[in-house]
Amino acid sequence: MKDLTNEQLCKLAQAGDKQAVSLLIEANLPFVRKVANQIVGNPVRQEHLSTCGVGFDDLVQAGSIGLWRAIDGYRQFEEVQFLTYAAPAVKRSMSDLIRQYSRDTVWQLRHDKANAWKIIYLDEDLDDTEDDTVETLISSPCAKLPEQIYIEQETAAELHEAMDALPDRENVYVQYRFGFADGKDHPLTETAQYFHLTESRAKSVERSALKLLRQELLFEVPERAYAKAEDNLTRKLVAADELHAVELRLKSQRKRGRKITVAVYKYLADCGGKWGALSYNFKDDTTEILLLAEWDTILSHRFAMRAVEHFRIHHNDKLPDKIVLTFIGPEQRSRRYDNKFEAGN
């Protein structure tokens, strides 16, 4: 029987001959040892195998198991030699062994007198605690980092904010085309049929929608976020009495042709109280206080005057719907001067 080929021995082994199984494994043991030597002789893996506690004999044993498992799957009619068929199974069995040892143990270098590696088991308790083990320190490769989750949430929020700013036609089209409505992307042809459009018309709507969406994502959304952050900072500084703020909101405007002649703004002093009103005449370059806001006075009306100053400088600019203006009052200048003087002494 020793004169039989691998293929003949494999056929007998598949028929239940245990002696043929032993002879087949023994005959191919030099190949298993060769593969184990290649792994152990790899300088990159030597230290890793030593740390995990995997030796040459362990790899040979694992390779022999892989060789034994390959017997049942081999088919002679495929005209492939048995060893060619079994080689991947041998290597895979060795790799599985190394991977299993790597999962069961973690290691770390402890700088002691011997400066040696020490194996730390996953179920080992941490210091004097009973509930926490070494395993609790190992992060899951599938778990997302907090910053990743935050970025994804912020990106999704910005995308939905930008889509809300689209016209109804483009918004509905994008929702259906890219699967925001049902979680499934729809091809251009199907989308065109769904909205009873020709493909060329659907392409035109899509180009328009994506152009508007890019504009929102690149410019409008960041500007709104910046303005919101600036408003929040202004409110905090006003609450801390570090500065004053005037909020202006466009109430109405009159035009002659295409030119704006008069604009009426509501104004709010220091982010609270009752609103006042200002009227700016573009033709005469004059401002009239229609109603004083709360915290403003007839004598100083400094909040209204801050708004007047702004109109005088920016009277040729486009009229925004909302403006927030800040300034430092005399009492704040005095306090800052006193603090600076005390620091100098």
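As a basis for the values below, the full set of heavy atoms in this structure was taken, side chains included, without hydrogen atoms, waters or symmetry mates.
- Looking at Arg33 and Pro30, their side chains never come closer than 4.5 Å, going by heavy atoms from C-beta outward.
- Ser64 places a side-chain heavy atom less than 4.5 Å from the side chain of Leu29.
- By the 4.5 Å heavy-atom criterion applied to side chains, Val246 and Val324 are not counted as neighbours.
- Put simply, the side chain of Tyr267 reaches to within 4.5 Å of the side chain of Leu292, judged on heavy atoms.
- Every residue meeting the side chain to side chain donor-acceptor pair (under 3.5 Å) condition with Lys322, not counting sequence neighbours, appears here in chain and number order: Asp231.
- For Glu206, the salt bridge (Lys or Arg N to Asp or Glu O under 4.0 Å) partners are Arg177, not counting sequence neighbours.
- Minimum heavy-atom separation, Arg169 to Arg201: NH1-NH2, 2.8 Å.
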- Between Lys91 and Val35, is a side-chain contact (heavy atoms from CB on, under 4.5 Å) present by the stated rule, with each step listed? CA-CA 7 Å; Lys91 296 177 181 178; Val35 175; 3.9 Å; yes
- Message: Under the criterion side-chain contact (heavy atoms from CB on, under 4.5 Å), I'd like the reasoning laid out for Trp68 against Val21: C-alpha separation, chi angles, the key distance, then a yes or no.
- Response: CA-CA 8 Å; Trp68 171 72; Val21 173; 3.8 Å; yes
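- For Glu161, the side chain to side chain donor-acceptor pair (under 3.5 Å) test picks out Arg224, with sequence neighbours left out.
- Under the 4.5 Å side-chain criterion, counting only non-hydrogen atoms from C-beta, Gln14 is in contact with Ile71.
- In terms of modelled atom types and a separation under 3.5 Å, the side chain of Asp17 and the main chain of Ala20 share a donor-acceptor contact.
- Of the N and O atoms on the side chains of Glu190 and Tyr176, at least one donor lies less than 3.5 Å from an acceptor on the other residue.
- The distance from atom CD of Glu294 to atom CZ of Phe303, rounded to the nearest 0.5 Å, is 11.0 Å.
- In terms of heavy-atom proximity, Arg256 sits nearest to Thr261 at CB-CG2, 3.7 Å.
- Looking only at distances, a side-chain donor or acceptor of Trp295 sits under 3.5 Å from a matching main-chain atom of Gly272.
- Pairing each heavy atom of Ala86 with each of Leu67, the nearest pair is CB-CD1, 3.7 Å.
- Under the 4.5 Å side-chain heavy-atom criterion for Ile, Leu, Val, Met, Phe, Trp and Tyr, Trp275 and Met305 are members of distinct hydrophobic clusters.
- A continuous path of hydrophobic side-chain contacts links Phe180 to Leu210 [ILVMFWY only; heavy atoms under 4.5 Å].
- The existence of a salt bridge linking Lys228 and Glu230 is excluded, since no basic side-chain nitrogen approaches an acidic carboxylate oxygen closer than 4.0 Å.
- Here the CG atom belonging to Leu212 is positioned 10.5 Å from the CD atom belonging to Glu220, to the nearest 0.5 angstrom.
- Between Leu83 atom CG and Thr5 atom OG1 the span is 12.0 Å, to the nearest 0.5 Å.
- At least one donor-acceptor pair under 3.5 Å links the side chain of Arg306 to the backbone N or O of Thr326.
- For the ring-ring contact (aromatic ring centres under 6.0 Å, His included) test, residues two or more places apart in sequence or in another chain that qualify with Tyr173 are Phe195.
- Residues satisfying the ring-ring contact (aromatic ring centres under 6.0 Å, His included) test with Tyr265, not counting sequence neighbours, are Phe311.
- Atom CD1 of Ile65 and atom CG of Asp96 lie 10.5 Å apart (nearest 0.5 Å).
- A donor-acceptor pair under 3.5 Å links the side-chain atoms of His186 to the main chain of Lys184, judged by distance alone.
- Counting heavy atoms from C-beta outward, Phe56 and Ile39 have side chains that stay 4.5 Å or more apart.
- Listed here is the closest heavy atom pair of Ala293 and Ala269: CB-N, 4.3 Å.
- Here Asp270 contributes atom CG and Thr234 contributes atom OG1; the two are 11.0 Å apart, rounded to the nearest 0.5 Å.
- The heavy-atom pair separating Asn281 from Lys283 by the smallest distance is OD1-N, 2.9 Å.
- Pairing each heavy atom of Leu217 with each of Ala162, the nearest pair is CD2-CB, 3.7 Å.
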- Task: Go through the steps for Glu247 and Arg249 under the test salt bridge (Lys or Arg N to Asp or Glu O under 4.0 Å), then give the verdict.
- Result: CA-CA 7 Å; Glu247 181 178 340; Arg249 291 189 183 180; 2.8 Å; yes
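- In the hydrophobic cluster analysis, where Ile, Leu, Val, Met, Phe, Trp and Tyr join through side-chain heavy atoms closer than 4.5 angstrom, Val308 is grouped apart from Ile323.
- For Asp164, the CG atom is densely surrounded, since the number of other residues' heavy atoms within 6.0 Å is greater than 12.
- Distance NZ/Lys211 to CD/Gln215: 8.5 Å, rounded to 0.5 Å.
- With hydrogens and angles disregarded, no donor-acceptor distance shorter than 3.5 Å links the side chain of Thr287 to the backbone of Tyr280.
- There is no side-chain donor-acceptor pair under 3.5 Å between Asp296 and His301.
- Tracing side-chain contacts under 4.5 Å through hydrophobic residues (I, L, V, M, F, W, Y), one never reaches Ile289 starting from Leu268; they form parts of separate clusters.
- Counting heavy atoms from C-beta on, the side chains of Leu278 and Val264 never come closer than 4.5 Å.
- At distances below 3.5 Å, not a single donor-acceptor pair connects side-chain atoms of Asn171 with backbone N or O atoms of Pro167.
- With hydrogens and angles disregarded, no donor-acceptor distance shorter than 3.5 Å links the side chain of Ser208 to the backbone of Ser204.
- For Asp182, the CG atom counts as densely surrounded, since its 6.0 Å shell holds more than 12 non-hydrogen atoms of other residues, nucleotides or ligands.
- Using a 4.5 Å cut-off between side-chain heavy atoms of Ile, Leu, Val, Met, Phe, Trp and Tyr, with links allowed through other members, Val238 and Leu233 fall into the same hydrophobic cluster.
- In this structure, Leu59 and Asn37 have side chains that are not in contact, with every pair of non-hydrogen atoms separated by 4.5 Å or more.
- Every residue was checked against the side chain to side chain donor-acceptor pair (under 3.5 Å) condition with Asp58, not counting sequence neighbours, and none meets it.
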